[in-house]
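I have placed the structure first, in the form of C-alpha cells, so that the comments after it can refer back to it.
This structure is a prediction, so every number in the text was calculated from the model and none was measured. Chain naming here is simple, since letters A, B, ... match the order of the sequence lines and numbering starts at 1 in each.
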There are 2 protein chains.
Amino acid sequence: MEGREFKDAMYDGLAKLLKALSNPFRLEIIEMLSQGEKSVEAIVQITNLNFANASQHLQVLKNNNIVKSRKEKQYVYYSLVNDEFLALYQHVVKYAVTEIAELEKIMNRQRTDNQSGNAVSLVELESMIKNNNVLLMDVRPSVEFEFGHITGALSLPMNELMAKLKTLPADKEIIAYCRGPFCVLADEAVRILTEQGYNVRRLDEGYPEWKMKQLEMNHSN
Amino acid sequence: MEGREFKDAMYDGLAKLLKALSNPFRLEIIEMLSQGEKSVEAIVQITNLNFANASQHLQVLKNNNIVKSRKEKQYVYYSLVNDEFLALYQHVVKYAVTEIAELEKIMNRQRTDNQSGNAVSLVELESMIKNNNVLLMDVRPSVEFEFGHITGALSLPMNELMAKLKTLPADKEIIAYCRGPFCVLADEAVRILTEQGYNVRRLDEGYPEWKMKQLEMNHSN
DNA sequence: CAAGTATTCAATGTATTTATTGAATACTTG
DNA sequence: CAAGTATTCAATAAATACATTGAATACTTG
C-alpha cells in the first residue's frame, strides 16, 4: 500500500467514526448508555424518537462499534462497547464544555437558573469526604444506582426526595450528583433542598466520570 | 431554560463540533497543523484539494473553533486553536487505531510492508535514552524540526537521508520518528536504513504526541 | 399455533454536506 | 496606482444523512 492510500484509509476510517458521533440524538443515546444498558423502549421514551428512527440510529452506532446489543426474551438491550469509548466520549464532552464558549455559556446559565452555580469537582469531593462532614446523595433512578454508584453515596431518587426530606441531616453539607455534566436532576435537587434550608451543592460530574477516574487510578498503580 | 431545552442545546453543540471533525480532508488538515502553522498553499499542496475547496474546509474548522488564522503579507497562516484540542484529537486517533479492528489491521499491514513492525513506544524510548546507546532521528522536513522536536533528536530529513548515510554511527541503535502514527516517513527511513544494514526501528508516535506528554507531566507536577 | 409485542427493514422525500466553477476581494510590489 | 498573487465568496449540482411511513421479522405467551 502506498503512503497516500494508507493515509486515505486511516482518515476515512477516523471520519467514519466521528460521523457516527456527530448527531445529537446519537449523543443522547450514548449519554444514556453511559449509565448502563437500556432497552430500545427506554431509549425511545427518553429521546422522543419513534421506534424506527431510534432503531436506525442504534444501527449506526452498532455498525461503528460504539454500542453492542444483546437480546433477552423479546427485548433488545443496548450498551456501550467498552470503557475506552466512554473515556473518549467524556473527553469530548469535557473539551466542549470548557473550551467552546457557546456551550460554556449555556452550561453556566443553566447552573445559575438552578442556583447550583458553585458546583463541586470530583477532586474537591475526595478531600471533603476525608474530612467527613458531608453527605453524598445520588439522585438518579434506583436502577441506575444499583448498576453502579460512587462509593459511600446514599440513593435518594428525585421522585422520593420530597417524601424523605426529613431523613436528611440538617447539620451536614449535602452534595447531590446524577448522570454527568448534562444531567439536570442534581440541579433540581439543589434548587429544592436550598429552598428547604439545606446547605447543598451539586457535583460537577456524575457517576460515569467517577467510574472512569477510578479505572484510571487503578491502571496507573 | 427547561431541562429538555438545555440538553438539546448541549447535544446540538457537541454534534456540531463532531460534525466539523467528521471529514477525512479536515482530519488531514488537522494532522498537518499539529506540526505547526501552515499557509493555505501548503495545505493545498499536501491534501490535493483545490484552493476554493481547501478554503471551505478551513472555514468550517475556523467556525468551530478548531483552527485559527493570522495574515502576514499576502499569505494566511492557519494553526490549531490550542493544545487542549490537540490532546482531544490525539485521543480520538489513539482510540481508533487501538479499538477499531479495521484501522488496526490497516496500520499493521502498513508497518509490516515497511519492515517497521516492532515500533518503539514513547515510554520505551524514555528508558532507552537513559541507557544511552541510542540515536534518535527526526526525519521530518527541517521546518517542522525547527518549530519543535523531541529533546536530543538529530534532524535528518528524508531528502537528505541518502546523502548523509555515512555520518550515522553503525554501533548505535537508531530510532526514527516523524509526525505521528499516520506518518509514513519514519517507515520509509526504517526500510532504507535496514537495507543498509543499520539496526533501526520507528517510534510508534511522533513529535506532537511527545509534546502533549511533556505538557501533561508538567501539569501533574 | 395464533395473537400480541418489540424491533428492524425498506422505500421515499427532504435537508444537509461536499466538490466544482467562476468571480470577487485583499494585499503586495513595482 | 496598475498588475499580479493569495485567498475567499457565491452559486450550483451531486452525494449523503435523516425522518417518516408502512410493512416484515422475531420472539413470547396463552
Identify the two heavy atoms, one from B/L193 and one from B/M137, that lie closest to each other, and give their separation to 0.1 Å. CD1-CE, 3.6 Å

Across all strands, who's sitting opposite D/dA19 as a Watson-Crick or G-U wobble pair, both distances under 3.5 Å? C/dT12

Boundaries of the DNA chain D segment in contact with chain B, non-hydrogen, under 4.0 Å: D/dA6 to D/dA11

Please give me the minimum heavy-atom distance between A/V190 and A/V200, naming the atom from each residue. O-CG1, 3.8 Å

Write down the partner of D/dA13 under the Watson-Crick or G-U wobble criteria, each distance required to be under 3.5 Å. C/dT18

Counting only side-chain N and O atoms of B/N23, is one of them less than 4.0 Å from OP1 or OP2 of C/dT18? yes

Considering all heavy atoms, the nearest B/C183-B/R202 contact: O-NH1, 2.9 Å

Heavy atom of residues 54-73 of chain A under 4.0 Å from DNA chain C: which residues? A/S55, A/Q56, A/Q59

Sort out for me which residue in B/E31, B/E209, B/E144 forms a salt bridge (charged side-chain N to carboxylate O under 4.0 Å, His left out) with B/R179. B/E144

With a sphere of 6.0 Å drawn around NZ of B/K213, does it hold more than 12 non-hydrogen atoms of other residues, nucleotides or ligands? yes

Please classify the nucleic acid contact of A/F51 as base, sugar-phosphate, or nothing, using heavy-atom distances under 4.0 Å. base

Aromatic centroids of B/F145 and B/Y207 separated by under 6.0 Å: no

Relative to the 5' end of DNA chain C, which residue comes earlier, A/K19 or A/S39, by the nucleotide with the nearest heavy atom? A/S39

Is the closest side-chain donor-acceptor distance between B/E99 and A/N65 under 3.5 Å? no

Given A/K211 and A/D83, is the salt bridge (charged side-chain N to carboxylate O under 4.0 Å, His left out) satisfied, shown in steps? CA-CA 10 Å; A/K211 182 180 118 188; A/D83 286 337; 3.6 Å; yes

Could you check how far CZ of B/F25 sits from C1' of C/dT20, rounded to whole Å? 13 Å

According to the interplanar angle, ranging from 0 to 90°, do the rings of A/F182 and B/F6 count as parallel (below 30°), tilted (30 to 60°) or perpendicular (above 60°)? perpendicular

Paired nucleotide for D/dG30 [Watson-Crick or G-U wobble; both distances under 3.5 Å]: C/dC1

Nearest-nucleotide 5' precedence on DNA chain D, A/A52 against B/Y78: B/Y78

Length of the CG-P vector between B/N48 and C/dT20, whole Å: 11 Å

Between atom CG in A/N53 and atom C1' in C/dT12, what is the gap in whole Å? 14 Å

C/dA6 -> Watson-Crick or G-U wobble partner, both distances under 3.5 Å, gives D/dT25

